Amino acid sequence: MQRELIRAVLERQVLRGTVRVAGWVRTRRDSKAGVSFVALNDGSCFQNLQVVAPDNLDNYASEVRRLHPGCSIVVTGELTPSPGRGQDREVRASQVRVLGWADPEVYPLGKQRVSFERLREIAHLRPRTNTFGAVTRVRNCLARSAHRFFQERAFYYIHTPIITGSDCEGAGALFRVTTLGPEGANPGEHGADLYRGDFFGRQTFLTVSGQLEAEAYACALGRVYTFGPTFRAEDSNTRRHLAEFWMIEPEVAFADLNENADLACDFLRFLCNAVLEECSDDLAFFEERIAPGVMDRLQSVATSDFTRMTYTEAVDLLARDGHRFEFSPKYGCDLQSEHERYLTETACNGPVVLTDYPREIKPFYMRVNEDDRTVAAMDVLLPGVGEIIGGSQREERLEMLLVRMRETGVDPDDYQWYVDLRRFGTVPHAGFGLGFERMIQFATGMANIRDVIPFPRTPRNAEF
RNA sequence: UCCGGCGUAGCUCAGCGGUAGAGUAGGUGGCUGUUAACCACUUGGUCGUAGGUUCGAAUCCUACCGCCGGAGCCA
């Protein structure tokens, strides 16, 4: 007999007929009336299916009464309306076959609440909890929706390299990739010679962004995007940072900063709508148990306009508002977290797009504006998670790009191929990067980024 | 990396100078078409590690390790 997903059983209109389901026991309750109730979950949806196992089963005493949270079973039985409160249907089991036991003395998950910190130590088992099941389904919905958004708009999905030779993209410290022995980790002053004998014949690292390579494809195919892992070797210990995370980076030819910002806002709205429409059960759980208000915030981003202002306007607003900050906002300095939080959570009370930052604090590839003092950069801030998107219009003018490389201490010889894009048939283009895990945080209300990725990598943690 | 906080029973925590407690989970029994089930009894800990102060340290001091939060960096 064909096994059915619990989600399909719960969606059935007609409550009769024989079904077979398989999953993991969440709880078991016994009744002296001669039945045991088993809440069964198979991951296909948030809800459990109630299995009613009568004591005339031949393995009732020997096995059913020994079922505990975590045990895996296959159940065959009749689907019927449920007389009890809490569910409209149940399966009256004619057979309960145990696939795997879970000794309650040592199995760490039971009916009691377990802290997220503790669950990180058992990351291989935490997907069996309500919270991580829900996070996983929302994560999947966001990934599917991201692809759908770009595919519907004629973007090509491209795969940019994980291993890169660019060592100064200005996006933080890099992980070195080498097949050399211990000397490879600490090259010293003879680094260049040393790496000539390495696997790639040069220094290589794990990528911190697919942007530069995506630009090459955008300047040929028009609209492209990447969706892949990204690595930062920063010793960051916050609830918003991972050493390995996933980033979505669209890149569009013949587009300016304004169109770039429009795309970013449309994209965020699209993702919020998708989660609201496709993950209602999981969202209801987050709303009730994890982060009250999360649905309102999603709804608000999905429907409202994003506040747009320039960096200069933001600094003015922060100074004028009279709010006391630990660091007072100053033109020419990066905005502090407290400033960004104030803008998006208090001043605008919603999503904010900041544009046109001073050229001194931004990397070489961002396009210099007509005022000569600012570059066409943009950050999108969301309440609760802060910066979720960073992007820019790229510098497409060969001479200016070389000027900016000199200014920021980047050697054009290391980026010949990138400079070539301006040398041959250059076009205006723009793009941005969206931190995928931060988007999941916003959609679920999960406070710590380590709890929205299956197996988080952070400083001193690469378990599993 | 810097600042702050915390590491006590499987889990969540109380105890804060006199030699270890609660809730919960687990076990046993009772009750019940149950659903955070309920009632009774019960198993369970060299109090993160290493030093030090003291007659005596889970409790005070130092170092280290780990975790959490904030900052920096950024997505």
Side-chain angles (χ1 to χ4, degrees), chain A residues 26-40 47-55 66 68-70 80-87 90 92 102-122 130 169-173 208-211 228-249 264 289 326-327 333-338 340-341 361-363 379-382 385-391 432-442 447-453 458-461 463:
Chain A
R26 282 295 172 81
T27 60
R28 186 201 83 233
R29 293 177 297 274
D30 305 316
S31 165
K32 270 293 162 6
V35 293
S36 285
F37 300 93
V38 175
L40 192 67
Q47 276 76 24
N48 301 325
L49 178 65
Q50 172 154 287
V51 172
V52 184
D55 62 4
R66 289 171 50 223
H68 282 286
T80 67
S82 175
R85 286 192 305 275
Q87 65 281 318
E90 63 193 23
R92 300 182 144 266
D103 181 357
E105 291 280 3
V106 289
Y107 185 67
L109 298 173
K111 280 181 277 193
Q112 80 281 19
R113 256 199 291 282
V114 180
S115 67
F116 289 146
E117 289 84 359
R118 168 70 184 141
L119 287 174
R120 273 171 227 149
E121 296 169 7
I122 48 171
N130 281 335
E169 290 169 20
V208 293
S209 163
Q211 178 201 317
T230 310
F231 308 87
R232 305 278 164 89
E234 295 289 346
D235 192 5
S236 304
N237 282 290
T238 81
R239 59 190 182 84
R240 307 185 310 282
H241 289 87
L242 291 166
E244 177 183 284
F245 63 99
W246 289 67
M247 192 151 63
I248 299 170
E249 299 178 282
R289 304 295 288 270
E326 193 183 342
F327 298 93
C333 295
D334 261 319
L335 295 178
Q336 302 280 320
S337 286
E338 56 174 339
E340 295 185 343
R341 213 175 316 120
I361 58 173
K362 289 294 182 185
D379 281 353
V380 182
L381 314 176
L382 289 185
V385 298
E387 182 181 347
I388 192 163
I389 281 178
F432 62 82
L434 171 119
F436 188 54
E437 282 76 16
R438 288 189 183 172
M439 185 64 214
I440 303 168
Q441 280 187 276
F442 181 75
N448 197 308
I449 200 167
R450 295 162 192 141
D451 299 328
V452 297
I453 189 167
T458 53
R460 293 170 296 283
N461 178 26
E463 193 66 49

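Just so it is clear, the values below take in all heavy atoms, side chains as well, and ignore hydrogens, waters and symmetry mates. All values reported here derive from a predicted model rather than from experimental measurement. Below, chain A is the first sequence line, B the second, and so on; all start at residue 1.
Within the nucleic acid shown, A:Glu437 has no heavy atom closer than 4.0 Å to any nucleic acid atom. A:Ile389 comes within 4.0 angstrom of sugar-phosphate atoms only, judged by non-hydrogen atoms across all strands, and of no base. At the heavy-atom level, A:Arg341 lies under 4.0 Å from the strands shown only through sugar-phosphate atoms. Contact annotation for A:Glu90: base contact, defined as any heavy-atom pair under 4.0 Å involving a base atom.
If A:Leu434 and A:Arg450 are placed on RNA chain B by their nearest nucleotide, the residue sitting closer to the 5' end is A:Arg450. Each of A:Met247 and A:Phe327 was matched to the nucleotide of RNA chain B holding its nearest heavy atom; the match closer to the 5' end belongs to A:Phe327.
Both distances falling under 3.5 Å, in either a Watson-Crick or a G-U wobble arrangement, place B:A71 opposite B:U1. Applying the Watson-Crick and G-U wobble criteria (two distances, each under 3.5 Å), B:U46 pairs with nothing in any strand. In this structure B:C13 sits in a base pair with B:G21, meeting the Watson-Crick or G-U test at under 3.5 Å. The partner of B:G51 is B:C61, judged by Watson-Crick or G-U wobble contacts that both fall below 3.5 Å. Searching all strands for a Watson-Crick or G-U wobble partner of B:G56 with both distances below 3.5 Å returns nothing.
Here A:Arg120 reaches the OP1 or OP2 of B:C68: one of its side-chain N or O atoms lies under 4.0 Å away. In this model, the phosphate group of B:G26 is not approached by any side-chain N or O of A:Arg28 to a distance below 4.0 Å at OP1 or OP2. Applying the 4.0 Å criterion to OP1 and OP2 of B:A37, one finds that A:Lys111 has a side-chain N or O inside that range.
No side-chain donor-acceptor contact under 3.5 Å links A:Arg289 and A:Asn130.
The residues A:Arg341 and A:Glu338 are annotated as not salt-bridged, no charged nitrogen and carboxylate oxygen being separated by less than 4.0 angstrom.
In this model, no side-chain donor or acceptor of A:Glu234 finds a partner on the base of B:U1 within 3.5 Å. Side-chain to base pairing of A:Ser236 with B:C74: no donor and acceptor N or O lie closer than 3.5 Å to each other.
Stacking of the aromatic ring of A:Phe245 onto the base of B:A75 is found: the ring centres lie under 5.5 Å apart and the planes are inclined by under 30°.
In this structure, CZ of A:Arg460 is placed 14 Å from P of B:C64, rounded to the nearest angstrom. Across the protein-nucleic acid pair, A:Asn461 atom CG and B:C65 atom C1' stand 15 Å apart, rounded to whole Å.
Minimum heavy-atom separation, A:Gly70 to A:Ala102: C-CB, 3.7 Å.
Set against B:C31, B:G26, B:U35, the side chain of A:Lys32 has B:C31 as its closest nucleotide.
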Inset, instruction - Heavy atoms under 4.0 Å is the rule here; annotate nucleotides 5-12 of chain B 5' to 3' with B where the base is hit, S where only the sugar-phosphate is, and - elsewhere. - result: -----BSS
